[in-house]
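These notes are about the structure you will find just below.
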Amino acid sequence: MSGILLLSIIYLAFISLGLPDSLLGVAWPVMRTEFGADLEVAGWLFMTIAGGTIISSLFSGKILNRFETSHVTAFCAAITASSLLGFYFAPSLIWLFLLSIPLGLGAGVVDAALNHFVATRYKAHHMNWLHCFWGVGATTGPLIMAAMMSESGNWRSGYLTVALTQFGLALVLLLSLPLWKQAPVAVSDVPDDLSLTDTASKRLVGLPFALASFVLYCGAEALIGLWGSSYLVQVKSFSVQTAATWISVYYGSITVGRFLSGFLSLRLTNRQLIRAGQGTALVGSLLFFLPLDGLMLTGFILIGLGLAPIYPAMLHETPVRFGRDAAKRLMGIQMAFAYSGSTFLPPLFGVLASLLTLQLFPVTGFLMILFLLLCSERLNRVLAKRALSRAS
């Protein structure tokens with residue numbers, strides 16, 4: 001019973017992780033009017049939050065070596081809640097930038113800590129369902145903000161509601177500290193002798209391909225989400241409302257896909273899920289080149305369903321690929337590279353599109369997914385060679 005309760009709390013934490021992620025984009029049209037800020041300032045705020053997340057992810061391994069995951073998660077949840085509460089009280093734009101730093105720092109550590117905890121103690125289906133629950137939080141956040149603004153016309157009420165929710169999570173995490181000691185120990189499929197018989201260089205073979213895969217995956221997911229609507233409106237002459245609906249369908253496909261992947265992972269390995277997902281996403285990206293609108297829009301669904309299992313499966317495969325001892329440090333490094341991909345690659349495409357044409361969107365999406373597939377297959381071959389050398 002205690003194990004089920006702990007797992008429920010971790011699921012709740014993943015919902016909470018997703019809640020703040022979309023608040024800024026929804027509230028910014030009202031916020032910028034109040035603060036007299038330009039439209040692009042939202043991008044700089046996003047970059048500030050992402051910068052904090054990347055830095056804390058890089059150092060999460062050292063933090064987790066010194067402190068228990070339960071304590072780190074509870075403390076960082078309180079930091080995140082305090083930062084969101086600060087947004088509610090923020091008197092000027094500079095305060096939003098200052099508060100964005102601890103908001104990103106807290107989120108990065110919690111994300112890396114929980115992903116490592118689940119990857120080393122629970123089966124793959126839980127990793128997929130946890131990231132599905134993150135999608136629930138990311139979907140609920142904008143709904144909360146929209147409801148608060150429609151009721152009071154004030155964006156601050158939305159941040160206050162989410163902040164109080166986060167404080168509630170921090171309290172639950174604090175009260176649940178004894179439960180974490182009863183969590184299952186090392187139930188993942190990591191060979192017990194991996195970290196004992198292999199040198200550090202052998203354990204980390206293929207790491208560059210793994211890191212590149214995280215950059216490309218998150219870059220592709222964010223690219224489709226950020227520029228898909230603009231492509232449909234400006235190139236394909238869709239209405240703004242219709243384009244926005246299809247981007248929502250795209251994100252909904254990722255959430256549904258992760259729910260379904262949880263069941264598929266009961267029969268398929270992480271590598272099989274990753275390969276199948278990449279193949280499905282690649283087929284979806286090819287549909288963007290077809291002249292028929294119906295098939296092109298189906299591409300958004302296929303890409304979303306294809307991308308769905310890749311990120312959770314790659315995270316869950318970390319201790320299998322590199323050993324349980326290295327996984328704690330590498331989990332944060334991988335996530336830092338993932339955040340870098342989602343932070344920098346879509347804006348770089350925006351610069352390219354502004355200099356050339358937005359019609360490069362289908363080509364760019366296809367190439368990113370193709371290179372993701374190639375990196376993953378190269379990593380699999382490298383790891384297969386390592387397995388053969390260990391067996392001989």
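Atom set for the values below is all heavy atoms of this structure, side chains included, hydrogens, waters and symmetry mates excluded.
- For NZ of Lys385, the number of neighbouring non-hydrogen atoms (other residues, nucleotides, ligands) closer than 6.0 Å is 12 at most.
- Under the 4.5 Å side-chain criterion, counting only non-hydrogen atoms from C-beta, Tyr339 is not in contact with Cys218.
- Val41 is not listed as a side-chain neighbour of Arg32, based on a closest heavy-atom distance of 4.5 Å or more.
- Put simply, Tyr250 and Tyr311 are part of the same group of oily side chains (I, L, V, M, F, W, Y) that touch within less than 4.5 Å, one to the next.
- Under the 4.5 Å side-chain heavy-atom criterion for grouping Ile, Leu, Val, Met, Phe, Trp and Tyr, Phe289 is connected to Phe349 within one hydrophobic cluster.
- Shown here for Asn270 and Ala124, the closest heavy-atom pair between the two residues is OD1-CB, 3.4 Å.
- Atom CD of Gln272 has more than 12 heavy atoms from other residues, nucleotides or ligands within 6.0 Å.
- With contacts defined as side-chain heavy-atom distances shorter than 4.5 Å, the pair Trp28/Leu45 qualifies.
- Side-chain atoms of His316 come within 3.5 Å of backbone N or O of Tyr122 as a donor-acceptor pair.
- Taking CG from Leu370 and SG from Cys375, the interatomic distance works out to 9.5 Å, rounded to the nearest 0.5 Å.
- Between Phe117 and Ile10, the closest side-chain pair of non-hydrogen atoms falls below 4.5 Å.
- With rounding to the nearest 0.5 angstrom, the CZ atom of Arg321 is 12.0 Å from the CZ atom of Phe209.
- Trp134 and Val136 end up in different hydrophobic clusters when Ile, Leu, Val, Met, Phe, Trp and Tyr side chains are linked at under 4.5 Å.
- The closest donor-acceptor contact from the side chain of Trp246 to the backbone of Leu297 lies at 3.5 Å or more, if one exists at all.
- Side chain of Ser176 to main chain of Leu173: a donor-acceptor pair is present (N/O by atom type, distance under 3.5 Å, no hydrogens or angles).
- Taken to the nearest 0.5 Å, the CG atom of Leu305 stands 10.5 Å off from the OG1 atom of Thr255.
- Within the 3.5 Å criterion, the main-chain N or O of Asp111 finds a donor-acceptor partner in the side chain of Asn115.
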Any chance you could lay out the side-chain contact (heavy atoms from CB on, under 4.5 Å) test for Leu19 and Thr165, step after step, and finish with the verdict? CA-CA 9 Å; Leu19 279 175; Thr165 303; 3.8 Å; yes

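- The aromatic ring centres of Phe133 and Tyr11 sit less than 6.0 Å apart.
- When all heavy atoms are compared, the tightest approach of Trp227 to Leu358 is CE3-CD1, 4.3 Å.
- In the hydrophobic clustering of this structure, Leu264 does not group with Leu307; members are Ile, Leu, Val, Met, Phe, Trp, Tyr whose side-chain heavy atoms approach within less than 4.5 Å, directly or through other members.
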side-chain contact (heavy atoms from CB on, under 4.5 Å) assessment of Arg156 paired with Phe89: CA-CA 8 Å; Arg156 296 177 186 270; Phe89 289 108; 5.6 Å; no

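- Proximity of a side-chain donor or acceptor of Arg258 to a complementary backbone N or O of Asn128 within less than 3.5 Å is not detected.
- Note that CD1 of Ile9 is 11.5 Å distant from CG of Leu114, once rounded to the nearest 0.5 Å.
- Distance check: Met31 CE to Leu93 CG gives 8.0 Å after rounding to the nearest 0.5 Å.
- For the pair Phe75 and His71, the minimum side-chain heavy-atom distance is 4.5 Å or more.
- Proximity of a side-chain donor or acceptor of Thr318 to a complementary backbone N or O of Met314 within less than 3.5 Å is detected.
- Within 6.0 Å of the CZ atom in Phe59, the count of heavy atoms belonging to other residues, nucleotides or ligands does not exceed 12.
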Pair Leu7-Trp129, side-chain contact (heavy atoms from CB on, under 4.5 Å): steps then yes or no: CA-CA 11 Å; Leu7 196 56; Trp129 289 336; over 6 Å; no

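- Put simply, the side chain of Arg271 never gets that close to the backbone of Ser376: no donor and acceptor are under 3.5 Å apart.
- Contact of the Glu68 side chain with the Leu177 side chain is not registered, since no non-hydrogen atoms from C-beta on lie closer than 4.5 Å.
- Listed for the Ser285 side chain is no donor-acceptor partner under 3.5 Å among the backbone atoms of Phe366.
- Shown are Leu160, Leu99, Val162, Thr161; of these, the side-chain contact (heavy atoms from CB on, under 4.5 Å) with Leu84 is made only by Val162.
- Shown here for Gln359 and Tyr231, the closest heavy-atom pair between the two residues is CA-CE1, 4.3 Å.
- In this structure, Met368 and Gly219 approach most closely via the heavy-atom pair CE-C, 3.3 Å.
- Under the 4.5 Å side-chain contact rule for hydrophobic residues, Val283 and Tyr217 do not share a cluster.
- Under the 4.5 Å side-chain criterion, counting only non-hydrogen atoms from C-beta, Leu345 is not in contact with Leu223.
- Here the side chains of Ile247 and Phe300 are in contact, with some heavy-atom distance below 4.5 Å.
- Of the possible donor and acceptor atoms, none in the side chain of Thr280 sits under 3.5 Å from a partner among the backbone N and O of Gly306.
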Step-by-step side-chain contact (heavy atoms from CB on, under 4.5 Å) determination, Leu211 to Ile333: CA-CA 8 Å; Leu211 297 179; Ile333 294 175; 4.0 Å; yes

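- Of all heavy-atom pairs between Thr80 and Ala107, the closest is OG1-N, 3.8 Å.
- For Phe263 and His125, the ring centers sit 6.0 Å or farther from each other.
- Here OG1 of Thr53 is found 11.0 Å from CG of Leu58. Values are rounded to the nearest 0.5 Å.
- The nearest pair of heavy atoms linking Pro309 to Pro312 is O-CD, 3.6 Å.
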